[in-house]
Number of protein chains: 2
Amino acid sequence: MEKQTITIYDVAREAKVSMATVSRVVNGNANVKKETKDKVEEVIARLGYRPNAVARGLASRRTTTIGVIIPDVTDHYFAELARGIDDVAAMYHYQIILANSDESNAKELRVLDSLLGKQVDGIIFMGNLINEPIRDAFAKADVPIVLAGSVDAEQAQASVTIDYTLATQEATTRLIKSGHQEVALIMGPSEHSINRDYKLVGYKQALEIAGIPFDENLVITADYDYQSGYQLAHIVNDSMATAAVVVDDEMAAGLLNGLVDMGISLPEDFEIITSNNSRLTVMTRPQLSSITQPIYDLGAVAMRMLTKLMNHEKLDVKNIILPHGYAERDTTK
Amino acid sequence: MEKQTITIYDVAREAKVSMATVSRVVNGNANVKKETKDKVEEVIARLGYRPNAVARGLASRRTTTIGVIIPDVTDHYFAELARGIDDVAAMYHYQIILANSDESNAKELRVLDSLLGKQVDGIIFMGNLINEPIRDAFAKADVPIVLAGSVDAEQAQASVTIDYTLATQEATTRLIKSGHQEVALIMGPSEHSINRDYKLVGYKQALEIAGIPFDENLVITADYDYQSGYQLAHIVNDSMATAAVVVDDEMAAGLLNGLVDMGISLPEDFEIITSNNSRLTVMTRPQLSSITQPIYDLGAVAMRMLTKLMNHEKLDVKNIILPHGYAERDTTK
DNA sequence: CTGTTAGCGCCTTCAG
DNA sequence: CTGAAGGCGCTAACAG
């Protein structure tokens, strides 16, 4: 338990070489004779020397640490993204500083600042509400930033997403083709660009293609959680909708159960397509049909992209779009 | 985008004081005249100075960073714990380095080492398999470590848990009292101390109290996930069990759906009590009755405990046990 | 291939 | 209440 830290000097002395040499072998620098390298490594093992990453970070100005700003780890969608990020980060020997933001701008700015203070080498940002202050802070940051599973209409930052507009359009079209004239879109706050500028747009496109007039009463906004989905059941039922595209799985599960508890049977009387294809979609009864998206990969690719940026490599594409799909289950006919 | 870092020296020069003084105001040291303090703060704001946490960490030997080792962020139980940890950490101005371990000892040891190299001020460990190598590594670590929602039979480390034995005993007893002679215990690997030394023990206690002989065929081991729970349905049905205590919610949901899909109706023909009371318990149909435990608090209290340890405060209790409860839903009569 | 020498940016006695 | 000076442990030229 003692603070008996053993440093590079101790190793150098014990191995009868200079600290520079020790530093070289620790960092895998090729310019070291095999013999001295072995000698040094023996001493390192014997003394149990462990490089001090903080000192290293100060001297080299690289911390091999990246910051991850996440709305809420408890949300399965973001947790999955985080997992993809962490796995790739580990692969490249980066550590992750994780900070929950609750989608609060104030918190986001605060953690961004503190991450920069920690001298992270890069940042991955997840969050739906990107406004001026945040954009500003991003622009001022002196390290690369990548958005994962999040869009900024301005596309100033590098990002990895799916084509939300198209995915939503397809789902809506699918429902229309199934015979529904009144398809609801159940989404999150319209301040969120991902809803306003992408998903809603895709929804409208589908209507337009089908020649169905847009009815704003069919666009329902709520929080991304089970309870608000459940409570929506009455509202949805009161609207003329006979089908719905829902942007969040928990929300969809809530709506589903709410409808079922009201005696409505799916898919006969109502159809639902949800958006994230999380494990939850197979746990409900009936199982939820869903847009599929490579959530884990969204995170993994974003992290890979960040490594390139940190390495000053050129990016082929700044805004990567990963393919999405569709999984037919039991809430659609 | 330039690396135009502005340091404490720049502030000092601009404010016409020494860097020591700037350091004092930044660190809220009281011994600074109001005027000079104001002056310095004005300059700090004007130049946009941001202390370099790495340099600070090197000089002060405190990084205000703690390491969190987690089996999998994607698992709702652990994500909830992590959330509790992060919230309290943020409250005390600590940052969190998050590392997924997949319950692999090799990975755990590796990330532990790398966290220590980063000079974290403390570590929170989540994981069910604590064996000699890990215990050893813990003992050698020069920073405090707290286990959250995880037990080590040896109780060498500080920890925050619930009384798993009692909780399991109560759930089992509840099922027995409901008229079942054959109650199954569906748990994870028995190498995990939490299963072998706590939950299984509680299960046996309940049998003993009721005077029911222990039947090892009723103790079923599987992975903590939906699929393995689902696949268990046949096995459970083939056994003589008419009720089950399940240690994981996804597993329980799987079992539930598996049984229902086989035409068995709950709670009439079979009763289930699960263990984590996650949101999932209200999403299944029928809803899952569950032991309730303060998962978020487990994390929050563990983090609070760690702050005390890092502060060299004495702990009243080294192994904190938080209260648990029971939520009656629809998989029990 | 190896050693020397400056820092990296800040904290922290120790004087005054 | 404030300044000067010595590290913290390591990397990175620069010699040799």
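None of the values given here were measured: they were computed from a predicted structure. These numbers come from the heavy atoms of this one structure, side chains and all, not from hydrogens, waters or symmetry mates. Order of the sequence lines fixes the chain letters, A, B, ..., with proteins taken first and strands second; residue numbering starts at 1 for each chain.
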* Output the distance between atom CD1 (A/Ile194) and atom OG (A/Ser150), rounded to the nearest 0.5 Å. => 6.5 Å
* Asked: What's the CG-C1' distance between A/Leu58 and D/dT11, to the nearest Å?
  -> 10 Å
* Asked: Between the axis at one end of the helix from C/dC1-D/dG16 to C/dG16-D/dC1 and the axis at the other (five pairs apiece), what's the angle to 10 degrees?
  -> 30°
* Atom CZ of A/Arg56 to atom P of D/dC10: distance rounded to whole Å? -> 8 Å
* What nucleic acid atoms does A/Val54 come within less than 4.0 Å of, heavy atoms only: base, sugar-phosphate, or nothing? -> nothing
* Are there more than 12 heavy atoms of other residues, nucleotides or ligands under 6.0 Å from atom CD of A/Glu35? -> no
* Interatomic distance where CZ belongs to B/Arg13 and P belongs to D/dG3 [whole Å] -> 15 Å
* **Nucleotide nearest B/Ser18 when distance is taken to its side chain, options C/dG9, D/dA4, D/dT11** => D/dA4
* **Side chain of A/Ala59 - closest among C/dG3, D/dG9, D/dG3** => D/dG9
* With distance as the sole criterion, is a donor-acceptor pair present between the side chains of B/Ser114 and A/Gln95 under 3.5 Å? -> yes
* To do: May I have the distance from A/Glu35 (atom CD) to C/dC1 (atom C1'), rounded to whole angstrom?
  => 12 Å
* For a side chain to side chain contact (heavy atoms under 4.5 Å, CB included) with B/Phe125, tell me which candidate from B/Val146, B/Ile70, B/Ile130, B/Asp152 qualifies. => B/Ile130
* Structure fact -> When A/Lys16 and A/Tyr9 are each assigned the nearest nucleotide of DNA chain C, the 5'-most assignment goes to A/Lys16
* Round to a whole Å and report the spacing from CG of B/Asn52 to P of C/dG7. => 18 Å
* Asked: How many Å lie between CG on B/Asn27 and P on C/dT12, as a whole number?
  -> 7 Å
* Asked: Phosphate oxygens OP1/OP2 of C/dC11: is one of them under 4.0 Å from a side-chain N or O of B/Ser23?
  -> yes
* Give a yes or no on whether the backbone of B/Met305 and the side-chain of B/Thr307 come within a donor-acceptor separation of less than 3.5 Å. => no
* Asked: Given atom NZ of B/Lys37 and atom P of D/dT2, what is their separation to the nearest angstrom?
  -> 12 Å
* Asked: NA contact type, A/Thr7, heavy-atom cut-off 4.0 Å: base, sugar-phosphate, or nothing?
  -> sugar-phosphate
* Asked: For atom NZ of A/Lys37, is the number of surrounding heavy atoms from other residues, nucleotides or ligands below 6.0 Å larger than 12?
  -> no
* Classify the side-chain pair B/Asn105/B/Asn131 by whether it contains a donor and acceptor separated by less than 3.5 Å. => yes
* For atom CZ of B/Arg24 and atom C1' of D/dT2, their distance in whole Å -> 6 Å
* Asked: When you measure from the side chain of A/Thr5, which nucleotide among D/dG9, D/dA12, D/dT2 comes out closest?
  -> D/dG9
* Residue A/Ala55, side-chain atoms from C-beta onward, closest of C/dC11, C/dT4, D/dG9 -> D/dG9
* In sequence, state the C-alpha distance, the side-chain angles, and the governing distance for B/Glu42 and B/Arg46, and then conclude on salt bridge (Lys or Arg N to Asp or Glu O under 4.0 Å). => CA-CA 6 Å; B/Glu42 181 270 317; B/Arg46 180 150 52 78; 2.8 Å; yes
* For A/Val26, answer base if it contacts any base atom (sugar-phosphate contacts may also be present), sugar-phosphate if it contacts only those atoms, and nothing otherwise; contact means non-hydrogen atoms under 4.0 Å. => nothing
* Asked: Considering only C/dT4, C/dT12, C/dT2, which nucleotide approaches the side chain of A/Thr36 most closely?
  -> C/dT2
